[in-house]
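Just below is one structure, and these are the notes that go with it.
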Amino acid sequence: MTDVHRRFLQLLMTHGVLEEWDVRRLQKHCYRVHDRTAAVEELEDFINNINSVLESLYIEIKKGATEDDGRPVYALVNLATTSVSKMASDFAENELDLFRKALELIIDSETGFASSTNILNLVDQLKGKKMRKKEAEQVLQKFVQNKWLIEKEGEFTLHSRAILEMEQYIRETYPDAVKICNICHSLLIQGQSCETCGIRMHLPCVAKYFQSNSEPRCPHCNDYWPHEIPEVFDPEKEREAGTSRATKRSLRSRQH
Amino acid sequence: MLQKPRSRGRPNSQAERERDWGHGAAEEAPSTSRGAGSSQEARSSSSQGSRRAEASPEVGPRSQQQLELKVAELVQFLLIKDQKKIPIKRTDILKHVIGDYKDIFPDLLKLAAERLEYVFGYKLVELEPKSNTYILINTLEPVEEDAEVRGDQGTPTTGLLMIVLGLIFMKGNTIKETEVWDFLRRLGVYPTKKHLVFGDPKKLITEEFVRQRYLEYRRIPHTDPVDYELQWGPRANLETSKMKVLKFVAKVHNQDPKDWPAQYCEALADEEARARPETSGPAPSS
C-alpha cells in the first residue's frame, strides 16, 4: 500500500460512483503526484491490489456497468452490510423510507421504472416526520443528484451506484420480487425479456451475447428474440465520435 | 401487488434507538448500528442469522472474524462521520458501533486508527487533549490538481476559510467580527447578501466553520452593539499551520512571508513546537 493507492482511495471515496475513464484519469493523477517515474499499473491489477488490502475492512472497489449502455463504472462498496448505510448518513429517516418505497416500486415494476406519481402517492405511509408531496419531489431530486436514482421522463430507476452498493441487500430483502439477468446472473432492474419464456437480460448483456448474430434467439427457449439488439459499448468509438454522454443516454429508449 | 417478504422484522424500539445514527437510520440501519443494536436483538431473539459476518454480542471469547468486523464497522463509521467534518464524539462511537465490545474499546480504536492510517492515509487525532472527540487528519498533502479529480468540495484549503484564518493570524490571533466583514466587503462578500459561491457567508463563517471546529466564535462582553471575536479553532491548528497560512497570505499579496517579521517569527516558533514529538496520540484517555 503506497501513497499512490491511498490518494486514489481518498479521492475515489469522494465519488459515489465513477466511470472507468475517470477512474483511469484518477489513477494517473495519483501516480503523477507521488511517483512520476513509475509505470502506471494496469487498472485491473491496481484495483485488485487495493482490494486485497481492503478485504479485512469488508469493503471493496466493485466494478459494474450502467444498465442502459454498458459503461463500466466503479464504486467503493461495503461488504459487511447489506443495507443503505452510506445513504443513512446523508438522509433523514423519512427520506430513507421514501427511497425504500421507490426502491420497492422499481423492483416490482415490469420496466424497472417507477412513476413519480406512484412514488409520491406513498408519501403518507412514510416513517418519521410527515412529508408533503412537494417536499418529496425535492427529496427525489436529491436522490438523483446524489446518484441513487436516475430520472427519465418523470419516471425513476436505480442509478448504477445504487445497484453496486445495494445489490446484496436487494437480493436478500426481496428474494421473490428480484429479477436476475440470464447471462451475468447479477441483479437486473432494466433489461429485455423473452416474450415466450420470460427470462431477462441486461441491455449490455444482450449486446454482448448477440454480437454479430443475425438471427438472435432466446438462450433459454430458443424462440426468436424480438427486441432491438443494442451495440456493445466501445469507449474508443465514443471518444472519437465526441458525442456527449447526455445525448447518447437520452437516445436509448426503454426496450419493453 | 407482490408480497415483499421482509426477513428483517425489527421491533420499533430498535428503530428508535438507532434514530441518532447519521440523520436517523430506520429499519435498514447500517451495520455499525446493527452491531450495537444486535446486542439488544439477541436478547429478544430476533437476530437475523442469514446476514453474513455479524458481530455476536455473547460475552465470552469473540472470534477473530467478529473482532475484524467490529474494527471494519468502526473504520467505516469514522470515515463517514468525518466526511461531514463534524468531530466524532467518543460517546457516539461507543453507542453506535462498539456496544457490547466496550471492554476492548481502546484496542478496537487503536486498530481502527492503524487501519485508517495504513489504508487511507488518515490519522485519527483527538481534537483537544482529554476532549474525547476525534477528527481525521490527512497525512497526504492536498495538491491543487486534486480538485480536478475529486467528486466533492474537499477541505476548504483555499477560499473563504483560509482568508478568515489568515485575517485572524495576521491581526494577532484574534479579530472582531466587524473587522472581518470590513475586510470581506472589499472582496464582495457581505454578511447579509447571498454569495454565488459561498451562499450565506455569515452562516458559513459564524456557524458552519464553528461547528466544524475551524473557528471559535465568542461574544465580546459589554459591547453595544454586540460584537463577537473570532479565533482559530482546534481543527484549524490540526489541519493547517501558522506557517502555511502565512505562506497563503504572502502568496495572495505576491510577497514573501518574511515581509511580516512578527508573524514570521511566530510561525517559525509554531513550526518548532510542532516538530517536537507528540505527547498525545489517538489512544483514548480512558
Side-chain angles (χ1 to χ4, degrees), chain A residues 1 3 5-7 9-18 22 25-30 32-34 50 53-54 56-59 78-97 99-100 104 107-108 127-129 147 166 168-169 172-177, chain B residues 1-8 15 18-19 21-35 48 50-55 68-69 71-73 75-77 79-81 83-84 112 115-122 138-143 145-146 148-154:
Chain A
M1 201 76 192
D3 280 350
H5 302 105
R6 291 184 191 105
R7 189 172 294 259
L9 263 180
Q10 283 191 14
L11 294 169
L12 182 66
M13 279 197 300
T14 64
H15 298 270
V17 66
L18 200 55
D22 288 318
R25 233 177 100 224
L26 176 58
Q27 186 199 18
K28 285 194 193 96
H29 163 77
C30 297
R32 240 179 280 132
V33 173
H34 293 285
I50 296 176
V53 176
L54 294 180
S56 65
L57 289 175
Y58 292 85
I59 51 180
N78 202 323
L79 298 175
T81 182
T82 57
S83 76
V84 294
S85 72
K86 217 165 266 173
M87 282 191 87
S89 64
D90 285 337
F91 296 97
E93 189 189 358
N94 57 359
E95 293 172 330
L96 288 175
D97 211 35
F99 182 81
R100 205 170 293 114
E104 285 170 10
I107 291 170
D108 284 342
K127 290 185 200 142
K129 198 169 143 209
K147 303 196 182 159
M166 301 175 193
Q168 228 174 292
Y169 164 74
E172 280 180 28
T173 317
Y174 309 102
D176 297 336
Chain B
M1 203 49 170
L2 282 169
Q3 272 296 90
K4 281 160 281 296
R6 300 298 208 100
S7 52
R8 29 189 91 185
E18 282 155 3
R19 203 183 297 273
W21 202 94
H23 291 267
E27 261 194 42
E28 278 68 46
S31 70
T32 50
S33 52
R34 198 183 302 131
Q48 319 304 329
S50 57
R51 199 167 309 123
R52 67 189 85 168
E54 188 167 325
E68 223 180 46
L69 183 61
V71 174
E73 286 176 12
V75 166
Q76 202 209 353
F77 182 78
L79 281 171
I80 292 179
K81 277 286 191 179
Q83 229 172 31
K84 315 257 165 209
R115 299 265 83 205
L116 275 168
E117 193 161 356
Y118 179 69
V119 179
F120 296 95
Y122 288 124
N138 202 343
T139 60
L140 304 177
E141 277 297 324
V143 145
E145 291 79 17
D146 278 347
E148 292 163 36
V149 289
R150 66 183 314 141
D152 62 5
Q153 248 71 7

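In what follows, chains are A, B, ... by sequence order, proteins preceding strands, each numbered from 1.
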### Message
Between B/Arg115 and A/Ser56, do the side chains contain a donor N or O and an acceptor N or O under 3.5 Å apart?
### Response
yes
To the nearest 0.5 angstrom, please state how far the [atom1] atom of [X] sits from the [atom2] atom of [Y].
{"X": "B/Phe120", "Y": "A/Leu54", "atom1": "CZ", "atom2": "CG", "result": "5.5 Å"}
{"X": "B/Glu141", "Y": "A/Asp3", "atom1": "CD", "atom2": "CG", "result": "11.0 Å"}
{"X": "B/Glu148", "Y": "A/Leu11", "atom1": "CD", "atom2": "CG", "result": "11.5 Å"}
{"X": "B/Arg150", "Y": "A/Arg7", "atom1": "CZ", "atom2": "CZ", "result": "9.5 Å"}

### Task
Given side-chain contact (heavy atoms from CB on, under 4.5 Å), test B/Val149 with A/His15 step by step and report yes or no.
CA-CA 9 Å; B/Val149 289; A/His15 298 270; 5.5 Å; no
Considering all heavy atoms of both residues, which atom of [X] and which atom of [Y] are nearest to each other, and what is their separation?
{"X": "B/Gln83", "Y": "A/Met13", "result": "NE2-O, 3.7 Å"}
{"X": "B/Leu140", "Y": "A/His34", "result": "CD2-CE1, 4.1 Å"}
{"X": "A/Tyr58", "Y": "B/Glu68", "result": "OH-OE1, 3.6 Å"}
{"X": "B/Ala72", "Y": "A/Leu57", "result": "CB-O, 3.3 Å"}

### Message
Assess the residue pair A/Gln10 and B/Asp146 against the criterion (side-chain contact (heavy atoms from CB on, under 4.5 Å)); give the C-alpha distance rounded to whole Å, side-chain angles, the decisive distance to 0.1 Å, and a yes or no.
### Response
CA-CA 10 Å; A/Gln10 283 191 14; B/Asp146 278 347; over 6 Å; no
If I measure from the heavy atoms of chain B, does [X] come under 4.5 Å with its side chain, its backbone, both, or neither?
{"X": "A/Val53", "answer": "both"}
{"X": "A/Leu12", "answer": "neither"}
{"X": "A/His5", "answer": "neither"}

### Query
Is it the side chain or the backbone of B/Val119 that comes within 4.5 Å of chain A heavy atoms, both, or neither?
both
